[in-house]
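Let me begin by presenting the structure, written as structure tokens, before commenting on it.
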Amino acid sequence: MAAPAPAPTASPPPPPAMSGLLSFASSRPYPPLPAPRPAAAAPRPRLRIAGSAAAAPNAVSHRASSSFSSGDRLRSLVRRGELDEALRLVGSARRPDAGTCAALIKKLSASGRTAEARRVLAACGPDVMAYNAMMAGYCGAGQVDAARRWCAERAVERDAYTCDTLIRGLCGRGRTANALAVLDEMLRRRCVPDVVTYTILLEATCKRSGYKQAMKLLDEMRDKGCTPDIVTYNVVVNGICQEGRVDDAIEFLKNLPSYGCEPNTVSYNIVLKGLCTAERWEDAEELMGEMGQKGCPPNVVTFNMLISFLCRKGLVEPALEVLEQIPKYGCSPNSLSYNPLLHAFCKQKKMDKAMAFLDLMVSRGCYPDIVSYNTLLTALCRSGEVDVAVELLHQLKDKGCAPVLISYNTVIDGLTKAGKTKEALELLNEMVSKGLQPDIITYSTIAAGLCREDRIEDAIRAFGKVQDMGIRPNTVLYNAIILGLCKRRETHSAIDLFAYMIGNGCMPNESTYTILIEGLAYEGLIKEARDLLDELCSRGEEILLDVHLIDVAFLTTFLPCSNANGGPFLRLPPEGSPVYDALL
DNA sequence: TTAGGGTTAG
């Protein structure tokens, strides 16, 4: 792989607001990374070496040593995600600790293993923490109906907290109507919904049915004798802003005292966010001025929000000015203040500036967090500096910021795209050895990289690994392998996999169809390609095909379809191209 | 239970 172009050495001078701030920007392509976070710099003593878990010291426990070590072992297994081993241990334990069981229930449910989670629940006996974990698990796994049935069986509705979990789970999956039904059940059973329950429901109602509907629920809540608090009102203020009615939100805020509730800084921040979304910068500034007078001075969130919005709109210099204002208001910038700017520099491909900015934040006592580093890793990979990314990844722990799944996924992807699949696979082994569980993104990345190298068999092994882990392969993973098969002209196998994908309940997307249609057309299987396109037609989706992959015969065959009402739209080849000439 | 980082695969 050719060495990437170095970062421009003659970068434009920093904007005025930055003058002096970045003066220590190094002339090296990449300045040394910031010094380690003092508090976390000292290497932590290793408590235990691999394989000696059972011999863990139990000096702090007064319980029987056997029960301590098994409980300790169970906790450690759950933490490491070794669920099968944890399940075996739960099966043999006399009375496993409810907190650990709750954690295991959560993890099992997250992998869709709710039946096994229920076995764990049975093993640990009645415990509200475990109940809530089960409820959250069902909801998280999308089995909200199972959650409701289970809830009814156990009559746990009487516990308001468990009900909140169910209501939150239902609301989180857009099942607001069911959540409201649970509320009715609660009221019938004289299980008093509290302000939290209502607030959750109000938030969902705002999202689903709009704030006007939420206002009705607010009245109902008051009728039932439940007094809204400022959080409740803020949820409604947010709902009003979400519908683009910021001025109505401001009006509502003004009337709050007449309901016996004073706005707080969060209330103003919500309105401010609405103003920023509408790019009403002057109004935002004015509101910030008012906040102090109204006894709700801006806090660091206020400034962070402004910085984030300005950066998103490409207004990096004003964002830098806001950053400089923060201390004048008695607030300290934190990593959330710096990260949007760091991201902006990365996006501008000004890596030297980004690195210098990182130094700046450290010199001001704000330590980069994992999001800062992940932002850098992404940018380094995208700018062709994968080796620097690998180096940074390996330095993270010493900087007091251990790499996470996303960090590894980012660099693994960078390596596969740089044609360094072997190193990517080594990194995969490394993360596993460090106890980080790869996820669907890790394996999709690896599979796509292997396919790019025509190593379809290995990619299919990665696919199998995902299934072994109890994770359902998703569309992205299927697409990667289908593309690999099509590129190898094994279109029939690709179609088989397509059928398998649908049979397993994984919905194909536009890319899936594009890949397959192009693959079929390449092999001259025009009829089959057409059938697939018709299927897309019936879905009424727009399809943009890469004309470079399509031969003239294929385009000519399909052209009439592009005029069909409501049918797919085939982007025409660029004017003057050979394909365009052949068509007209 | 409300507001803040448009960190990862196609």
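Everything numeric in this text was worked out from a predicted model, so none of it was measured.
Here dT7(B) is the nucleotide among dT7(B), dG6(B), dT1(B) with the atom lying nearest to any side-chain atom of Val371(A). For Arg168(A), taking side-chain heavy atoms from C-beta onward, the closest of the listed nucleotides dG6(B), dT2(B), dT1(B) is dT1(B). Comparing dG4(B), dT1(B), dT8(B) by their closest approach to the side chain of Asn409(A) singles out dT8(B).
Atom pair Leu310(A):CG and dG6(B):C1' shows a separation of 14 Å (rounding to whole Å applied). Here the P atom of nucleotide dA3(B) and the OH atom of Tyr268(A) are 18 Å apart, to the nearest Å. In this structure, the CZ atom of Arg312(A) is 14 Å from the C1' atom of dT7(B), given to the nearest Å. Straight-line distance from the CG atom of Asn299(A) to the C1' atom of dG4(B): 9 Å, rounded to whole Å. What separates CG of Leu477(A) from P of dG10(B) is a distance of 12 Å, to the nearest Å. dG10(B) atom C1' lies 12 Å from atom NZ of Lys487(A), rounded to whole Å. One interatomic measurement links the two molecules: CE of Met288(A) to P of dA3(B), which rounds to 19 Å at whole-angstrom precision. The CG atom of Leu306(A) sits 13 Å away from the P atom of dG6(B) (whole-angstrom rounding).
More than 90° away from 0 lies the glycosidic angle of dG4(B), which makes this nucleotide anti.
Within residues 425-446 of chain A, the residues that have a heavy atom under 4.0 Å from DNA chain B are, in order of number, Ile441(A), Ser444(A), Thr445(A).
Among pairs with a residue in residues 202-218 of chain A, those fulfilling salt bridge (Lys or Arg N to Asp or Glu O under 4.0 Å) read Glu203(A)-Lys207(A), at least two apart in sequence or across chains.
Side-chain contact annotation: Thr445(A) with Asp413(A), donor-acceptor N/O pair under 3.5 Å absent. Side chains of Gln242(A) and Tyr211(A): a donor-acceptor N/O pair is absent below 3.5 angstrom, by distance only. Using a 3.5 Å distance cut-off with no hydrogens or angles, the side chains of Asn509(A) and Thr475(A) do not pair a donor with an acceptor. No side-chain donor-acceptor contact under 3.5 Å links Asn269(A) and Asn234(A). A donor-acceptor pair shorter than 3.5 Å can be found between the side chains of Thr421(A) and Glu453(A).
Aromatic ring centres of Tyr443(A) and Phe463(A): separated by at least 6.0 Å.
When the side-chain nitrogen and oxygen atoms of Lys417(A) are compared with OP1 and OP2 of dG10(B), one or more of them lie within a distance under 4.0 Å. Using a 4.0 Å cut-off, some side-chain N or O of Ser308(A) falls inside it from OP1 or OP2 of dG6(B). Here Arg382(A) does not reach the OP1 or OP2 of dT7(B): none of its side-chain N or O atoms lies under 4.0 Å away.
Taking NE2 of His343(A) as the reference point, atom SG of Cys346(A) lies at 7.0 Å (rounded to 0.5 Å).
Backbone-only contact: Asp413(A) has heavy atoms under 4.0 Å from sugar-phosphate atoms and none from a base. Here Val300(A) lies in heavy-atom contact (under 4.0 Å) with a base. Heavy atoms of Val235(A) sit under 4.0 angstrom from primed sugar atoms or phosphate atoms, though from no base atom. Using a 4.0 Å heavy-atom distance criterion, Asn264(A) is classed as making no nucleic acid contact.
A donor and an acceptor atom sit less than 3.5 Å apart, one in the side chain of Asn474(A) and one in the base of dA9(B). With hydrogens and angles ignored, no donor-acceptor pair closer than 3.5 Å exists between the side chain of Thr375(A) and the base of dT7(B).
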